[in-house]
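Input: a single structure, listed below in structure tokens.
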Amino acid sequence: MKIGYPCINRTVKCNGNKTFRLRSYSDQRLTETVQNNLACLQKVLKYNIRHNILFFRISSDLVPFASHPVCKFDWQGHFSTSLNELGDLIRQHDIRISMHPDQFIVLNTPRDAVLESSLLELRYHSQLLDLMELDTTAKIQLHVGGVYGDRDTSIKRFIDRYKHLEPVIQRRLVIENDDRSYQLEDCLRIHQATGIPVLFDWFHHQVLNSGESLPDGLKAAARTWRSEDGTPMVDYSSQEPGKIRGKHAQTLDPHDFRNFLALNPKRDLDLMLEIKDKEKSALKALKLLRNETGYIKN
DNA sequence: AATGGTCAAGTCAGC
DNA sequence: GCTGACTTGACCATT
């Protein structure tokens, strides 16, 4: 089991998620920012390697405005060498990579303009991973999308859109159960129709489910991953005490995490910690894993 | 250097 | 109808 965290490292003094305002766009500003972001990503990956954190989610802001019409710059060509070198580092240390396009990317939208920009953004994500020459175990995770007052039709629209995706996007895409619209059951139904792997979100499943236990839910999701998709990915968080239901924890709750481990003794999964203090919790989780008797290697 | 208004993009719940 | 939440506050004009 690999442990990971998303996008930001607060220990390494290097911000690899730098962006800028649209009206400040220039090719020069873009190249400077991307150069910075790639250099920081490399530093963060090296920090992760030193600390045995071998799962990482790369920020969608790596190349700001990459899919925006304002950007005519050939960032793919200009940064292909740097991206390739990053890919070398990732492959050399067998780091698992994911990306998570943000909330504006909605594959099942009824609106043409939203679909079009979503497809461009997905293409950007897949191009990044392709330029790093990562295999299809590097994934792009999406939620199913909106309900629009008609779940069945909206699920059908997702299925149809997925089937018509470019293969380079299709092979990387996975769907994740969310905590208010589409639960595990819906994702499994979409898997049945398309073969798309289902990334199990442990915390969301506690908030929204149809009665499956957490371990059963996780097992059902894990079965949707083929060998070319790699080890099933799982998102993990726990409830921030005293905040509204569904609020992600500030830091790893050792009690909740031990419970997670106890419920999943096989641990044939890669675990993304969606916890606000990022690498600190990843380190806590790894330490806890090492110190617990009966818990494996690393 | 500190501050505060504002930022490409969608959808939904809660008020 | 507006605001906040979402994987993540940070950019930038102004003082």
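The basis for the numbers below is simple: all heavy atoms, side chains too, and nothing from hydrogens, waters or symmetry mates. The structure presented is a predicted model; accordingly, all values stated were derived computationally and were not measured. Every chain is numbered from 1, with letters handed out A, B, ... down the list of sequences.
- Donor-acceptor pairing under 3.5 Å is recorded for the side chains of Glu133(A) and Asn84(A).
- Pairing partner, dC7(B): dG9(C), with both Watson-Crick or wobble hydrogen-bond distances short of 3.5 Å.
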Contact letters for nucleotides 10-15 of chain C, in which S counts primed atoms plus P, OP1 and OP2 and B counts the base, heavy atoms under 4.0 Å: BBS---
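- In this structure a side-chain-to-backbone donor-acceptor pair under 3.5 Å is missing from Tyr162(A) to Ala193(A).
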Under 4.0 Å protein heavy-atom contact, by nucleotide of nucleotides 9-15 of chain B - B base, S sugar-phosphate only: BBBB---
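- A distance of about 16 Å separates the P atoms of dC2(C) and dC7(B), rounded to the whole Å.
- Gln206(A) places a side-chain N or O within 3.5 Å of a backbone atom of Trp202(A) that can act as its donor or acceptor partner.
- Base pairing of dC2(C) is made with dG14(B), judged by Watson-Crick or G-U wobble geometry with both donor-acceptor distances under 3.5 Å.
- Tyr148(A) does not carry Arg111(A) over the face of its six-membered ring by the limits of under 6.0 Å from the centre and within 45° of the normal.
- dG10(B) and dC11(C) have their C1' atoms separated by 22 Å, with the value rounded to a whole Å.
- Residues Pro101(A) and Leu142(A) form a side-chain contact, since some pair of their non-hydrogen atoms from C-beta on lies under 4.5 Å apart.
- Two rings, from Tyr5(A) and Phe56(A), have their centers less than 6.0 Å apart.
- The two residues His51(A) and Leu286(A) make their nearest non-hydrogen contact at O-CD1, 3.4 Å.
- Distance check on atom P: dC12(C) versus dT8(C) gives 22 Å, rounded to whole Å.
- Between dT8(C) and Lys276(A), a contact under 4.0 Å exists linking OP1 or OP2 to a side-chain N or O.
- Separation of the Phe200(A) and His205(A) ring centroids falls under the 6.0 Å cut-off.
- Straight-line distance between the P atoms of dT3(B) and dC6(C): roughly 26 Å, to the nearest whole Å.
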